[in-house]
Amino acid sequence: MSEAQSQASRWWQRIPLYLQIAIALILAVAIGVSLGAGKPDPANIALINNLAVPCDLVLKVLRALATPLILLAVLHTFLTASIPGTAGRRLLILLLTNTVAAILIGLLVANILQPGVWGQIKAPAGTTESLTKLDPWSLLQNSVPGSILQPLVDNNVIQIIIIALSFGIVLRALKAEQIAQNRTDYLPLEQVITTLFDAVVRILEWVIALVPLAVFGIVAKTVALQGFSPFKSLGVFIIAVLVALFLQACYYLIRIQFGSWVSPKRFLMGGSDAFLMAFSTSSSTVTMPITFRVLQEKIGLRESSASLGALVGSNFNNDGTALYEAMAALFIAQVLGQHLALGQQFLIVLTSIVASVGAAGIPNAGLVTMTLVFSSVGLPTEYIALLITVDWFLDRCRTALNVMGDMTVSALLDGKQKKPEVEIIVPTLESKGWETVD
Ligand code: ASP
């Protein structure tokens with residue numbers, strides 16, 4: 001690369017991602033309009049279709065990264081997080097109820113507002129897939145993998161989670177046994193898993209750097225072929241997701257009001273630094289140190305509850321992501337004019353829980369695991385391309401809710417009794433029985 005080229009690429013990299021995407025959007029609309037805005041010249045069709053190539057490639061890599069990301073994220077958390085036994089069970093129940101509530105709120109809002117019926121989007125060529133019907137027995141049968149490697153090849157999210165959880169639990173137990181015997185045999189494996197996890201995250205960063213190019217191509221193509229009507233439904237989808245995230249935040253505050261000594265006002269004011277940090281970084285993992293600090297210093301929780309919610313939650317608890325994935329699947333089904341029966345929505349609930357557990361607390365991880373939710377109900381993953389255009393913003397919002405969810409769990413674990421203030425008793429001379437001399 002010449003000096004001038006490398007200067008130019010450094011200049012581009014210094015622009016924040018959301019600005020890069022905004023620039024890509026503006027250019028794409030201009031190109032889309034000049035190529036026909038819904039009434040393209042047949043001579044240009046091949047060129048217009050090729051505009052989607054970068055987006056297809058980005059989606060392909062995201063699908064490929066999904067399985068290693070989930071597997072390594074779960075193994076890494078099991079090997080490195082410290083969870084005491086009894087609190088672990090309470091934690092599990094809190095995590096599960098909150099995540100199920102988030103998904104139900106998401107599905108409810110998407111069913112009522114129906115964002116997908118606001119604009120018609122043509123199905124990409126070759127997507128005649130039919131939705132998978134819910135059959136509880138085959139679901140159970142299919143959840144057990146036929147071989148250890150098959151789920152990695154098939155991108156089967158439920159089987160991958162089962163493998164990840166089994167190995168995670170066993171490795172954790174082995175580590176505990178070895179520590180008790182003063183052995184360190186587990187260390188090399190722990191280091192390999194940590195390094196591989198970091199490597200996958202690094203590759204994901206490269207792919208994310210290409211997102212502006214993907215957005216440019218897919219938006220230019222969509223505008224050129226279909227005009228602006230598809231974006232109407234995307235706008236309603238953004239509103240629907242924001243409404244659902246807001247309702248979930250209210251649900252947290254109600255739980256805190258009744259299940260913890262912390263008042264919702266104290267929670268919101270004390271936690272504001274963490275919410276803002278989550279919004280600006282799109283990463284609950286990067287926000288974790290701040291989450292941990294505000295829980296202890298500003299809200300005043302015990303260290304044990306703060307660490308369980310913040311440290312474990314930032315890895316496993318992603319309610320905002322679960323809510324978003326469920327809504328996105330329903331949205332695309334609506335766009336396709338496919339009615340999702342209750343059984344199929346239940347399948348979405350199940351896979352969204354699994355996908356949110358597997359989504360690491362890093363930017364756009366939800367987009368990666370979403371490919372698995374779509375595949376599990378038979379929705380064409382090509383449509384995730386459209387969601388890429390709005391993910392940079394919705395990712396920030398759902399990350400803030402993910403962090404709020406972790407903090408809620410901490411507040412609930414802390415219980416209704418505030419931690420006793422440490423009384424500093426300064427012994428006076430009189431209390432020691434000594435006479436003071438005036
Ligand atoms: N960015 C989110 C987080 O860090 C994960 C996601 O993409 O949904 O919590």
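Quantities reported herein were computed from a predicted structural model and do not represent experimental measurements. Indexing begins at 1, ligand by ligand and atom by atom, following the structure's order.
Protein heavy atom in closest approach to atom 5 (C) of ligand 1: I362 O, 3.6 Å. Annotation: atom 3 (C) of ligand 1 to nearest protein heavy atom, S284 OG, 3.3 Å. With respect to atom 2 (C) of ligand 1, the closest heavy atom belonging to the protein is T399 OG1, 3.3 Å.
Here D391 pairs with R398 in a salt bridge; the nearest charged N to carboxylate O distance falls below 4.0 Å.
If you number the atoms of ligand 1 from 1 as listed, the ones under 4.0 Å from a heavy atom of S283 come out as 4 (O). Short contacts between ligand 1 and T321, defined as distances under 4.0 Å to a heavy atom of the residue, involve ligand atoms 5 (C), 6 (C), 8 (O).
Counting heavy atoms from C-beta outward, L210 and P54 have side chains that stay 4.5 Å or more apart. Here the side chains of V403 and F279 are not in contact, with every heavy-atom distance at 4.5 Å or above.
For the residue pair D414/S305, the side-chain donor-acceptor check at 3.5 Å is satisfied. Under 3.5 Å, the side chains of N111 and Q345 contain a donor-acceptor pair of N or O atoms.
Between T285 and ligand 1, a contact under 3.5 Å exists for no N or O pair. Where the criterion is an N or O separation shorter than 3.5 Å, residue side chain and backbone included, G366 meets it with respect to ligand 1.
Here T369 contributes atom OG1 and Y324 contributes atom OH; the two are 10.5 Å apart, rounded to the nearest 0.5 Å.
Contacts between S282 and ligand 1, counted as non-hydrogen atom pairs separated by less than 4.0 Å, involve the backbone only. Using a 4.0 Å cut-off between heavy atoms, L367 makes no contact with ligand 1 at all.
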Run V207 and K60 through side-chain contact (heavy atoms from CB on, under 4.5 Å) and show every step you take.
CA-CA 10 Å; V207 184; K60 226 168 145 182; over 6 Å; no
